[in-house]
Amino acid sequence: MAMADANFERGRALGLQGDSEGAIAAFKKALQDEPEHASANLGLGIACMELERTKDAVNAFRASLKTAPHNPATLYNLGVALDQHTQKSKVSEKKLKAMLLEAEYALTAACALDPCADSSCQLGVVLLRLGKPRQAVEAFEKALAADPQHATATENLRTFEAAHMTGPSTEALDAAIAAEPQKVFRPPPRVVEAWSDVPVEQEEHPVSSLSEAANLGQKLDELLATGDDLEF
C-alpha cells in the first residue's frame, strides 16, 4: 500500500510537470503493487489522454470506476475518452453506438453527482452524435445554467441552431465533423483535478444523486457485460 501510494504521488508530480510518459510509468508501478488503486488508474487514464492513447485511457477509467464508482471526474473523463476514441478510430456502427451509449451513461452519472458545465456540455456532444438533438440542446442549456459564460456550450448551441440540424444521424454528424471539425466544440479532460487523490467513498453526494448514479452504473455494467461490442 505504501509503495503504491508513493508511486502514485510520483506519477502525480510528473503529470503536473508535463511528463506524461514518466507519469504513466509511475502509475503502472503503483498498479503493480495495488491493481485496484483508483487514483493510479485515474491518473493513468489522464496521462494516456494527454498522449492521445484513448484506448488505454478508456480501460484505465473503467478500472478506476470499479473501485470508486461515484467519482464524477472519472465518469466525466471516461465519457470524453470514449467520444475521442470513436472520433479517431475506425469502429463498426454497432460498436460505435455501444461506446457512445456507455459515454452517455457515464456523463449522465457525472452530471447527477456534480452538475458542472463541462459534464453537461460533453453530454450534449455525445447526445448529438447519438442522434438525440433535443436532449443535446437541453444538456447545453444546463451547462449554461451552471456557467452562463461557458463558451463551449454557447458555441455548440449557436452552431447547431444556425445549421438547423434538428435530427442529425450519426453518419451525417460524423461526416460534418470530419469536414468541419470546428462545428463541434468539446470541453477538455479534467487534467488538474485528476492528479488529486480519489476517495473510494464520497458521502458528500446527496442520496438521490447516488441512487441515480447507481442506476446508471448498473446500466454501464450491463452494457460492458454484453461482450464484444465494447472490447478493443
Side-chain angles (χ1 to χ4, degrees), residues 45-46 49 54 57-58 61 65 70-88 93 96-194 205-206 208-209 211-213 215-217 219-220 223:
I46 287 292
M49 287 285 284
T54 52
V58 168
F61 294 140
L65 287 170
H70 297 145
N71 187 276
T74 311
L75 289 160
Y76 168 79
N77 282 299
L78 174 60
V80 172
L82 286 162
D83 176 41
Q84 290 189 6
H85 182 74
T86 56
Q87 282 289 312
K88 298 175 181 178
E93 185 66 23
L96 172 64
K97 184 175 182 180
M99 288 185 173
L100 289 176
L101 282 172
E102 182 184 0
E104 179 187 358
Y105 294 152
L107 289 163
T108 303
C111 291
L113 294 165
D114 180 18
C116 73
D118 280 353
S119 294
S120 293
C121 186
Q122 182 63 50
L123 175 59
V125 170
V126 169
L127 289 168
L128 275 174
R129 297 192 65 209
L130 282 167
K132 302 176 181 179
R134 291 182 181 177
Q135 291 173 252
V137 168
E138 289 177 2
F140 292 139
E141 289 175 342
K142 286 181 180 178
L144 289 174
D147 178 7
Q149 304 302 316
H150 198 276
T152 307
T154 299
E155 288 301 321
N156 282 338
L157 273 175
R158 183 180 300 155
T159 299
F160 286 99
E161 287 177 353
H164 302 292
M165 296 182 73
T166 56
S169 67
T170 298
E171 295 88 350
L173 187 57
D174 282 345
I177 293 170
E180 299 182 75
Q182 70 274 19
K183 272 197 170 186
V184 172
F185 299 85
R186 291 166 165 80
R190 294 184 189 170
V191 177
V192 176
E193 287 186 31
H205 296 302
S208 58
S209 295
S211 177
E212 183 176 353
N215 290 334
L216 289 161
K219 289 184 180 180
L220 270 173
L223 195 61

Please examine the side chains of [Y] and [X], heavy atoms only from C-beta on, and report whether any two atoms are closer than 4.5 Å.
X      : Y      : value
Leu75  : Tyr105 : no
Thr86  : Arg129 : yes
Asp114 : Ser119 : no
Cys111 : Lys142 : no

For this session: Check the pair Phe140 / Cys121 against side chain to side chain contact (heavy atoms under 4.5 Å, CB included), numbers first and verdict last.
Result: CA-CA 5 Å; Phe140 292 139; Cys121 186; 4.0 Å; yes
Rounded to the nearest 0.5 Å, what separation is found between the [atom1] atom of [X] and the [atom2] atom of [Y]?
X      : Y      : atom1 : atom2 : value
Leu130 : Leu96  : CG    : CG    : 8.0 Å
Leu107 : Glu102 : CG    : CD    : 10.0 Å
Leu100 : Leu128 : CG    : CG    : 11.0 Å
Asp118 : Thr152 : CG    : OG1   : 7.0 Å

For this session: Sequence neighbours left out, what passes side-chain contact (heavy atoms from CB on, under 4.5 Å) with Ala139? Give chain and number order.
Result: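 Ala139: side-chain contact (heavy atoms from CB on, under 4.5 Å) contacts with Leu123, Leu127.
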Compare every heavy atom of [Y] with every heavy atom of [X], then report the nearest pair and how far apart it is.
X      : Y      : value
Ala81  : Met49  : CB-SD, 3.5 Å
Glu104 : Val126 : N-CG1, 3.9 Å
Asp147 : Ala117 : CB-CB, 3.7 Å

Problem set entry | Under 3.5 Å: donor-acceptor pair, side chain of Asp83, backbone of Gly79 |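 Not a single qualifying donor-acceptor pair exists.
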For this session: Pick out which of Gln87, Lys88, His85 makes a side-chain hydrogen bond (donor to acceptor under 3.5 Å, both in side chains) with Thr54.
Result: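 Among Gln87, Lys88, His85, the one that satisfies the side-chain hydrogen bond (donor to acceptor under 3.5 Å, both in side chains) with Thr54 is His85.
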